[in-house]
Peer 1: 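The structure's right below; bear with me while I get my questions together.
Note that these values count all heavy atoms, side chains included, but never hydrogens, waters or copies made by symmetry. Lettering follows sequence order; numbering is per chain, from 1.
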2 protein chains.
Amino acid sequence: MKSSHVTLKDIARILELSPSTVSRALKDHPDINEETKKLVKTFAEKVNYRPNALALSLRRQKTNTIGLIIPEIVHHFFSSVISGIEDLAYGEGYNVMICQSNENYQREVIDTQALIDHRVDGILVSVSKTTRDFSHLKNAYENGIPMVFFDRICEDLQTDRVITDDLKGANIATSHLIEKGCTKILHLSAPQHLVIGKQRKEGYIQALNENGIEVDEELIVKCDTRDYVFSMQEHLLKLIKEKHITGIFGVNDSTAIAVMQVLQSAGYSIPEDIKVIGFGDGPNANIAYPPLSTVEQKGYETGREAMRLLLQRLENPGIEINFSTKVLTPNLKQRQST
Amino acid sequence: MKSSHVTLKDIARILELSPSTVSRALKDHPDINEETKKLVKTFAEKVNYRPNALALSLRRQKTNTIGLIIPEIVHHFFSSVISGIEDLAYGEGYNVMICQSNENYQREVIDTQALIDHRVDGILVSVSKTTRDFSHLKNAYENGIPMVFFDRICEDLQTDRVITDDLKGANIATSHLIEKGCTKILHLSAPQHLVIGKQRKEGYIQALNENGIEVDEELIVKCDTRDYVFSMQEHLLKLIKEKHITGIFGVNDSTAIAVMQVLQSAGYSIPEDIKVIGFGDGPNANIAYPPLSTVEQKGYETGREAMRLLLQRLENPGIEINFSTKVLTPNLKQRQST
DNA sequence: ATGAAAGCGCTAACAT
DNA sequence: ATGTTAGCGCTTTCAT
C-alpha cells in the first residue's frame, strides 16, 4: 500500500515554485505567466494531481455535499427519489451523502448528527415512521443548515417542502372504487402520527362523504405493510365477510398486493368479488396478479423538486426567500384489479 | 441563516484555556486536571460542541469513510447489499459514501474520482454493465486504496472479492427444471462480458451436459431485463413454439417474471405448459403469479462480507494479507412456477 | 509575475 | 497540568 496522493506542495517543490503560484496556475489566474501555467498544468496532469476535497472544504467552509436522510432505500419510491436528487445534484457539482434511517428513530438521530459533523451544506429529509420527537432536526435547522422535507414532512418546522397530495390521491383512489360500484370500502391505513397516514385516511373519508356513503370507523384498519397483512389475515377476512366488503383501498401498493393474495387464497376473485386499489405505483403494481390499479406517486419528481428548492437556497446565501411547499398530485393508474 | 458551529478554539477562548488543553480534556487525556476536564466537558455539552469531521480527517489522514460504487439502488439485491455494508460499517465507526453508476461507464469513472478526491479509506465496488475498460479502478487500486469487488468483479485486478457461485446457482436452477421433466430449456442470458452472464450460462450448459441433454445455442438468448423481454416477445414466442420449449431459466427474476407474463397473455399456463425459474429471489418473486421459483442470492450477506474483508485491510494497515475470494452459494427456492 | 504568511479546525510532539 | 508550535492541503491577502 503506497498511499501516494500528490499535493500542491509536492508539485511546487518539484517545479521549484511556491504553492500559491501552483494553485493560481491551476485555476488560470490572470497574474500567472502563460509559460508557468502550461508547465504546471502539464505536470499536474502527468502526475494525476487531484485537489484534496477535504482541504478544499475546510478552507472554503463549504463542502459541496448535501445530506439525505431517507427511511428505506429498498422502497421503489425512495430509490426513485434518490435518482431525482442525484441527477440534479451532480449536474450542479454537489455530492450526496445518503443515510438510511431504516425507519428507526435512533438511527435518524445519529445520521443527522453525522451529516452535521461532516458539515453538509444542506439536508434533504423524509422522516422515519418511528420519529415523534423532531428536536434533532429542529436543532440542525436552528443551526442554520438549509433543509427541505419531502414526502414525510415535519409540520412544526417552517421549511421548504415537497409533498404528494395524499388527500387528493386517496380521494381519487376511493372515488374510483365507488364509480366501479363499491359502497362497502375497507381502508388499510398507515399510523396516524404520519402526515401521509392522516391525509390518505382523510381522502378516503372525503370521497365517501362526497358520495353520500356513511363512514364506518371499523372499516379503517391500521395495517401498512405486507407482513402486517399476513399477520392479521384472519381478522381481515372475518371483517371482510361480516361487513360485505366489495372494495379495498390500501395505503400503499405492497399492502394492497398482499391483501389481494390473502383474498385469493381464501377463494375470492379479483376484481369480480372484491376490487382493490393501492397507492404509489411501484414496479410491483405491474407484476401483481391481477395488475394492480393504483395512484401514481412521483418519486423522481419529488427528489428533483426537493433538490431544486435546496439549490435555490444554497445558491442564494443570505437572501431570504419565502418557504414554499411544492405539491405533486398523483394520477390514477387503472389496471385489472378494479 | 446563522451558521454557527462552535469550534475548539471558541471554547478555549471563552474558558481561557489553550486549544490543546480543551482537546485533551475532551478525550480524557490523563495529564489533564479533573476539574478542568469537568469544566470543559460540561461547557462543550452545553454549547453542543461537535468536532469538525473534515478537520479531523485532514489531520488524521483518515476519513473513516468508505466509498461504495453500485450499479442501481432500485434493485433489491443491491439495496440489500447496502444494508449489509452499512450495518457493519456503522458499528465500526465508518460512514458509507454511496455512488450510483446507473449502469453507466462514464458515471462510474466520475464516481471513482469523487471517492478518491474525498480520500475515502477504501472502496467497495460492483462494476456497471457497460464498463469494459477498468483503468479508473486500476488507477485507484494502484494508488493504494484498498478495494473489494462484489458480485460484478473485475478479473484483471488482484483484490478481495465476494461473489455468488453463479455457476452452481444456474446449475441448480437448470437441474431443477430437468428434474421436473423439462428437456427443451430456454435460457435468457446476460451479456457475456459480465462474469455473472458468463457463469450463469455455463451453469446452464453444465446442467444440460450432466443430464445428457444436447446444448442448442439457439436456445440461449441474450435478454436480461423486463423491458427487453417485452420488446422481443414476438421473437421469444416464435422460438418457444418452434422449439417446443417446456422450461425457461431466466438470468434474473424480473426477466423470468416478464416472460411468464408474455407466455400467459399468449395463452400458456404456468407451470402446466411451461415451467419458469429465475435467479435472485427478490421480493417480486413472491408477488408474481404464480409465485416464482428461483435461486436465492444473498444480498445482505454479500454486503456484510465485502465490508468485513475491507475492514480487515483497514484495521491492519501495512500488513500483507493474502487476497481472498468469498463465494456464497445460492439455495433453491421452489415456488409455484415449476 | 511570484512568494510569504496566515488560517480553515484539529491534534500531538515538544516545551515549561 | 497546561501552553506553544507546527502541520494536515489548500487559498488568499498582502508584500515584493
Peer 1: What about B:R119: does its side chain form a donor-acceptor pair under 3.5 Å with the base of D:dG9?
Peer 2: no

Peer 1: Mind calculating the distance between NE2 (B:H118) and P (D:dC10) to the nearest angstrom?
Peer 2: 13 Å

Peer 1: Between B:L39 (CG) and D:dT2 (P), how many Å, whole number?
Peer 2: 10 Å

Peer 1: Heavy atoms within less than 4.0 Å of DNA chain D: which residues of residues 40-58 of chain B have one? Give them sorted by number.
Peer 2: B:L58

Peer 1: Rounded to whole angstrom units, what separation is found between the NZ atom of A:K62 and the C1' atom of D:dT12?
Peer 2: 18 Å

Peer 1: Can you list the steps and then say if B:E103 with B:R152 is a salt bridge (charged side-chain N to carboxylate O under 4.0 Å, His left out)?
Peer 2: CA-CA 11 Å; B:E103 302 287 14; B:R152 312 238 201 100; 2.8 Å; yes

Peer 1: Of all the heavy-atom pairs spanning B:S126 and B:E108, show the shortest one and how long it is.
Peer 2: O-OE1, 4.5 Å

Peer 1: Does CD in A:E45 sit with more than 12 non-hydrogen atoms of other residues, nucleotides or ligands closer than 6.0 Å?
Peer 2: no

Peer 1: Using a heavy-atom cut-off of 4.0 Å across all strands, would you classify B:S20 as base, sugar-phosphate, or nothing?
Peer 2: base

Peer 1: Which of the following nucleotides, C:dG3, D:dT2, C:dC10, is nearest to the side chain of B:D31?
Peer 2: D:dT2

Peer 1: Regarding A:E34 and A:K37, does a basic nitrogen lie under 4.0 Å from an acidic carboxylate oxygen?
Peer 2: yes

Peer 1: Can you tell me if B:K9 touches the phosphate of C:dC8, counting only side-chain N or O atoms and a distance under 4.0 Å to OP1 or OP2?
Peer 2: yes

Peer 1: Out of C:dG3, D:dC8, D:dG3, which nucleotide sits closest to the side chain of B:S18?
Peer 2: D:dG3

Peer 1: Rounding to a whole Å, what distance do you find between A:R24:CZ and D:dC14:P?
Peer 2: 13 Å

Peer 1: Please answer whether the main-chain N or O of B:K129 pairs with a side-chain N or O of B:H193 as donor and acceptor at a distance below 3.5 Å.
Peer 2: yes

Peer 1: Establish, with yes or no, whether the OP1 or OP2 oxygen of D:dA1 is under 4.0 angstrom from a side-chain nitrogen or oxygen of B:T36.
Peer 2: no

Peer 1: From the list C:dC8, D:dG9, C:dG3, which nucleotide is the closest neighbour of the side chain of B:Q61?
Peer 2: D:dG9

Peer 1: Could you check which of D:dT2, C:dG9, C:dG3 has an atom nearest any side-chain atom of A:L17?
Peer 2: C:dG3

Peer 1: Roughly, in whole Å, what's the span from NE2 in A:H5 to C1' in D:dG9?
Peer 2: 12 Å

Peer 1: Got a donor-acceptor contact below 3.5 angstrom from the B:D121 side chain to the B:T63 backbone?
Peer 2: yes

Peer 1: Between D:dT2, C:dG9, D:dG9, spot the one nearest the side chain of B:N33, thanks.
Peer 2: D:dT2

Peer 1: For B:H29 and for A:S23, locate the closest nucleotide of DNA chain D by heavy-atom distance; then report the residue assigned to the nucleotide nearer the 5' terminus.
Peer 2: B:H29

Peer 1: Scan for ring-ring contact (aromatic ring centres under 6.0 Å, His included) pairs involving residues 46-99 of chain B, sequence neighbours excluded, and state none if there are none.
Peer 2: none

